[in-house]
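What you see is a predicted model; the values in this text were computed from it and never measured.
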Amino acid sequence: MIAGPLAERVAVVTGALGRLGPIWCEALLNAGASVAGIDLEGSPMAPAFRALQDRNPARLRLYRADVRDRKSLEAARGQCEADLGVPTVLVNNAGIDQPPSPAKTYRIQDIPAEVFRGVLDVNLVGAFHAAQTFGPAMVGLGRGSIINIGSLYASVSPDARAYDHLPCDPPFLKPPAYGASKAALVNLTRYLSTHWGPSGVRVNALSPGGVEGGQDEAFKRKFIGRVPLGRMAVARDLGGPLIFLASDASSYVTGVELLVDGGYTAW
């Protein structure tokens, strides 16, 4: 018998093979849940996800689907229900971001519309698709928790000075569509929380800020200089807030954005 605050529950994590996906999967597994990871066909297997599967072969499955495609999500839902049961936790994690690097850059006036829309299609429309796909079954059960992964950039604009050391021409810009998509996702969170609240389904946003991920030292020094706790976030900082929102510990919490940013947005 698996113990924990999410024992006997089934959770779905979109973007499970990305940078944060295995962190959410591990936290949910440690809390007792069975977990269905969803990611694109052809996305390489993340070593961290594979390691989790090796340790939890019966409780962690991977299904291939695209959050931009409702039919593929519905197929993944059917597989998950057959293998693990009906999910009552959904972590909308799939997203497009661009870490600070001298990769392809644009001046803001030159950003192609399709590049801007591409971010919205995954970060916002994709999350809505997943909620449409997995939410109604939670409504039918009268319980569930949907957690939309936001960002501190849903609340504040990126500080371009954090990137001005990068050897780019044009200079690196954090994509404007990223923060716009996350701000919209927070508002969608509030909408869904009021729509499904009477049915016992809670919807919240968890917005990390500045997660350590191999960024260059100059960027980290500048970023940390603005964080009251004096460091970037690491994996152990994220699991607890996720489980709080996913479990009955937050049974009277819905429609909120939980910022996990070391105080960055408190200035």
Side-chain angles (χ1 to χ4, degrees), residues 14-15 17-21 39-44 66-70 92-132 148-192 205-228 232-233 257 259-267:
T14 66
L17 301 180
R19 189 159 65 91
L20 297 183
D39 216 310
L40 286 168
E41 188 69 50
S43 292
D66 186 338
V67 295
R68 297 168 296 185
D69 177 4
R70 276 285 301 277
N92 267 321
N93 172 71
I96 294 176
D97 189 11
Q98 184 177 351
S101 73
K104 177 67 174 175
T105 59
Y106 299 96
R107 290 179 175 81
I108 195 163
Q109 63 267 31
D110 297 326
I111 297 172
E114 60 269 21
V115 171
F116 194 96
R117 289 194 193 101
V119 175
L120 298 182
D121 279 346
V122 175
N123 295 9
L124 179 60
V125 181
F128 184 55
H129 282 165
Q132 289 179 303
N148 295 321
I149 303 302
S151 166
L152 84 164
Y153 293 137
S155 302
V156 297
S157 177
D159 186 344
R161 293 170 296 184
Y163 313 111
D164 62 12
H165 63 283
L166 293 170
C168 304
D169 185 23
F172 176 83
L173 293 175
K174 190 75 172 178
Y178 179 76
S181 70
K182 294 300 187 179
L185 185 61
V186 170
N187 193 270
L188 179 64
T189 296
R190 297 188 184 108
Y191 183 100
L192 293 175
L206 193 165
S207 290
V211 181
E212 171 72 50
Q215 298 92 340
D216 69 88
E217 292 303 317
F219 168 81
K220 288 193 287 187
R221 183 174 64 253
K222 293 177 187 179
F223 188 91
I224 289 169
R226 292 196 51 172
V227 178
M232 299 188 77
E257 180 192 14
L259 281 155
V260 185
D261 66 354
Y264 188 104
T265 54
W267 291 110

Least distance between heavy atoms, [X] atom then [Y] atom:
X    : Y    : result
S151 : S207 : N-OG, 3.2 Å
L173 : I108 : CD1-N, 3.8 Å
A154 : V186 : CB-CG2, 4.0 Å
L192 : A131 : CD1-CB, 3.9 Å
A233 : G209 : CB-O, 4.0 Å
L20  : P208 : CD1-CG, 4.5 Å

Open item on the list: Within the structure provided, determine whether I96 and N123 are in side-chain contact (heavy-atom separation under 4.5 Å).
Closed with: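 A side-chain contact exists here, since the closest heavy-atom pair is under 4.5 Å.
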Open item on the list: Taking the side chain as everything from C-beta on, heavy atoms only, tell me whether P228 gets closer than 4.5 Å to W267.
Closed with: yes
Open item on the list: Can you confirm whether R70 is buried at CZ, in the sense that more than 12 heavy atoms of other residues, nucleotides or ligands lie under 6.0 Å from that atom?
Closed with: yes
Open item on the list: Tell me whether F128 at atom CZ has more than 12 heavy atoms from other residues, nucleotides or ligands lying less than 6.0 Å away.
Closed with: no
So, the side chain of [X] versus the backbone of [Y]: is there a donor-acceptor pair under 3.5 Å, distance only?
X    : Y    : result
T105 : F172 : no
D39  : L17  : yes
K182 : I149 : yes

Task: Non-neighbouring partners of Q215 that pass side chain to side chain donor-acceptor pair (under 3.5 Å), sequence neighbours left out - done: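 Partners of Q215 by the side chain to side chain donor-acceptor pair (under 3.5 Å) criterion come out as none, since no residue qualifies.
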Task: side-chain contact (heavy atoms from CB on, under 4.5 Å) between R107 and D169, intermediate numbers included - done: CA-CA 9 Å; R107 290 179 175 81; D169 185 23; 3.2 Å; yes
TODO: Let me know which of N92, V125, L124 forms a side-chain contact (heavy atoms from CB on, under 4.5 Å) with L188.
DONE: L124
Task: Candidate pair V156 and Y264, rule side-chain contact (heavy atoms from CB on, under 4.5 Å), full reasoning - done: CA-CA 9 Å; V156 297; Y264 188 104; 4.1 Å; yes
- [ ] Sort and list the pairs that fulfil side-chain hydrogen bond (donor to acceptor under 3.5 Å, both in side chains) and have at least one residue in residues 159-168, not counting sequence neighbours.
- [x] D159-R161, D159-R226, D164-K222, H165-D216, H165-K222
Task: Candidate pair E257 and L185, rule side-chain contact (heavy atoms from CB on, under 4.5 Å), full reasoning - done: CA-CA 10 Å; E257 180 192 14; L185 185 61; over 6 Å; no
- [ ] Could you please spell out the steps behind the side-chain contact (heavy atoms from CB on, under 4.5 Å) verdict for Q98 and Y178?
- [x] CA-CA 9 Å; Q98 184 177 351; Y178 179 76; over 6 Å; no
TODO: Step by step, work out the salt bridge (charged side-chain N to carboxylate O under 4.0 Å, His left out) result for E217 and K220.
DONE: CA-CA 5 Å; E217 292 303 317; K220 288 193 287 187; 3.0 Å; yes
